[in-house]
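A quick write-up on the structure given underneath.
In the text below, chain A, chain B and the rest are named by the order of the sequence lines, each starting its count at 1. Note that these values count all heavy atoms, side chains included, but never hydrogens, waters or copies made by symmetry.
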Amino acid sequence: VYTFSTVIHAFFKQGKLEDAKRVLSEMEDRRCNPNVVTYNTLIHGYCKIGDLTEAIGLKNAMCEKGLVPDVFTYSALMNGLCKVRRVTEAREVLVEMLEVGLMPNEVIYTTLIDGYMKGGEIEEAFKLKDEMVVRGIQPNVFTFNTLIRGICKVGKSQEANMLLTEMMEMGLRPDCRTYTSVIEGRCKEGNMVEAFRLLDEMAKRNIAPSVVTYSVIINWLCKAGDMERAHQVFKQMEERGLMPNSMVYTTLISSHCRQGNTEDAFKLLYEMVKRRIVPD
RNA sequence: CUGGCAUAAUAAGA
C-alpha cells in the first residue's frame, strides 16, 4: 500500500492524472486495499487540479469503505475548496471535523485563514487566528506568514510589523517568506528605502533572501520605471548565487517593452535562452 | 501494546 500510494503521489505531482488512476485500479486488482493515505493522496491530487467534485466523491467513497478521514483528508479538501473560492464550504468542512470529534491542528486553521485572506475577508481571518489560540492550537510560521501577506497586500505595513513582533515574542523565527511579504508591502507604499532596509535586516538576522525576494523588489522598481536600479538589484541577486528564473526575466522584459525599449527587451530574451531558462 | 517509513497549509511576473 505504501508503494502504491507513493507512486500515485508521484504521478499527481507530474500532473499525470490518468497514470494515477491506473495505479489505483491496479491496486484494487491485486486486492491491495487503498488506505487513508492512499485516499488522501488522491484527494489532494484532485484538489490541486481543481476537481472538487472528484475529491469530495473520493472522500465519500472512503467513508463508505469504512475508512475514517483524518486531518490530512480534511486539510487537503479545505485547501482545494479555498483555492476555487469556496471558502464557506471549507468552513463547513471544519465544522464537520469538529462534529465527528476530530481536533483541528495549525494546518487546518492556516489553510482556512489563507482562504479568507485571499478572499479579502481579513477580519474573519483574524477571528480564526484568535479561535485557534482559544482551542490551544499555536499559530506557527506558516500561520503568521499567511496573515502578514494578507495585510501587506492591503497596505497595512504597520500592522504587519506588529505581527512580526508578535511572532518573534512567541519564539517563532520569521523566514524568507515573512520578509518577502513585508518587503512587498513597503514597495507597494513606494517606500523603497524601508524595503532595502528590510533586505539588510534579513542579512543581519541570517535569513537568506530568495529569488522571489529579489523579484519582488525588481518588480516594483520596474513599475516605478526605475530600470537602472532594477538591473542593479538583478545583478546583486546573481552575485549572491541566485539563478534568475523566467518570472524575473518576464518582469524586466515586459517593463522594457512598456517603455518602448524593445532593444533591451530582446537582449534579455536572448540572454535567458542562452542560459537555458525557458521563456513561458 | 510500543516505535519507524508514504499523504495536507504560507511569498513574486505576464
So what does [X] touch, heavy atoms closer than 4.0 Å: a base, only the sugar-phosphate, or nothing?
X      : result
A/K13  : nothing
A/T146 : sugar-phosphate
A/D70  : nothing
A/V216 : sugar-phosphate
A/N140 : base

Between [N] ([atom2]) and [X] ([atom1]): distance, integer Å:
X      : N     : atom1 : atom2 : value
A/M272 : B/G13 : CE    : P     : 16 Å
A/I218 : B/A12 : CD1   : P     : 15 Å
A/N145 : B/A9  : CG    : P     : 15 Å
A/I217 : B/A11 : CD1   : P     : 18 Å
A/K153 : B/U10 : NZ    : C1'   : 12 Å
A/H44  : B/U7  : NE2   : P     : 10 Å
A/M78  : B/U10 : CE    : P     : 13 Å
A/L221 : B/G13 : CG    : P     : 14 Å

Between [options], spot the one nearest the side chain of [X], thanks.
X      : options             : answer
A/T180 : B/G13, B/U7, B/A11  : B/A11
A/T250 : B/A6, B/A14, B/A9   : B/A14
A/F142 : B/A14, B/U10, B/A12 : B/U10
A/T110 : B/G4, B/A9, B/A12   : B/A9
A/K118 : B/A9, B/A14, B/A11  : B/A11
A/V212 : B/A12, B/A6, B/A8   : B/A12

Just N and O in the side chain of [X]: are any of them under 4.0 Å from OP1 or OP2 of [N]?
X      : N     : answer
A/K129 : B/U10 : no
A/R177 : B/A12 : no
A/K223 : B/A12 : no
A/K59  : B/U7  : no
A/K188 : B/A12 : no

With a 3.5 Å cut-off and just heavy-atom distances, do the side chain of [X] and the base of [N] make a donor-acceptor pair?
X      : N     : result
A/N40  : B/A6  : no
A/T111 : B/A9  : no
A/N245 : B/A12 : yes
A/N105 : B/A8  : yes
A/S215 : B/A12 : yes

Quiz item: Between CG of A/D114 and OG1 of A/T146, what distance do you get to the nearest 0.5 Å?
Solution: 5.0 Å

Self-check item: Trace of the ring pair (Phe, Tyr, Trp, His ring centres under 6.0 Å) decision for A/F142 with A/Y109
Solution: CA-CA 10 Å; A/F142 281 69; A/Y109 272 101; over 10 Å; no

Salt-bridge present ([X], [Y]; N to O < 4.0 Å):
X      : Y      : answer
A/D264 : A/K267 : yes
A/E18  : A/R22  : no
A/E189 : A/R186 : yes

Practice problem: State whether the side chain of A/N105 and the backbone N or O of A/I108 hold a donor-acceptor pair below 3.5 Å, judged by distance alone. | Solution: yes

Quiz item: Where does the angle between the aromatic ring planes of A/F12 and A/Y46 fall among parallel (under 30°), tilted (30 to 60°) and perpendicular (over 60°)?
Solution: perpendicular

Quiz item: Taking RNA chain B as the partner, which of residues 3-11 of chain A come within under 4.0 angstrom of it by heavy atom?
Solution: A/S5, A/T6, A/H9

Quiz item: Can you name the residues that form a salt bridge (Lys or Arg N to Asp or Glu O under 4.0 Å) with A/D51, not counting sequence neighbours?
Solution: none

Quiz item: Considering residues at least two apart in sequence or located in another chain, which fulfil the side-chain hydrogen bond (donor to acceptor under 3.5 Å, both in side chains) criterion with A/K16?
Solution: A/Q14

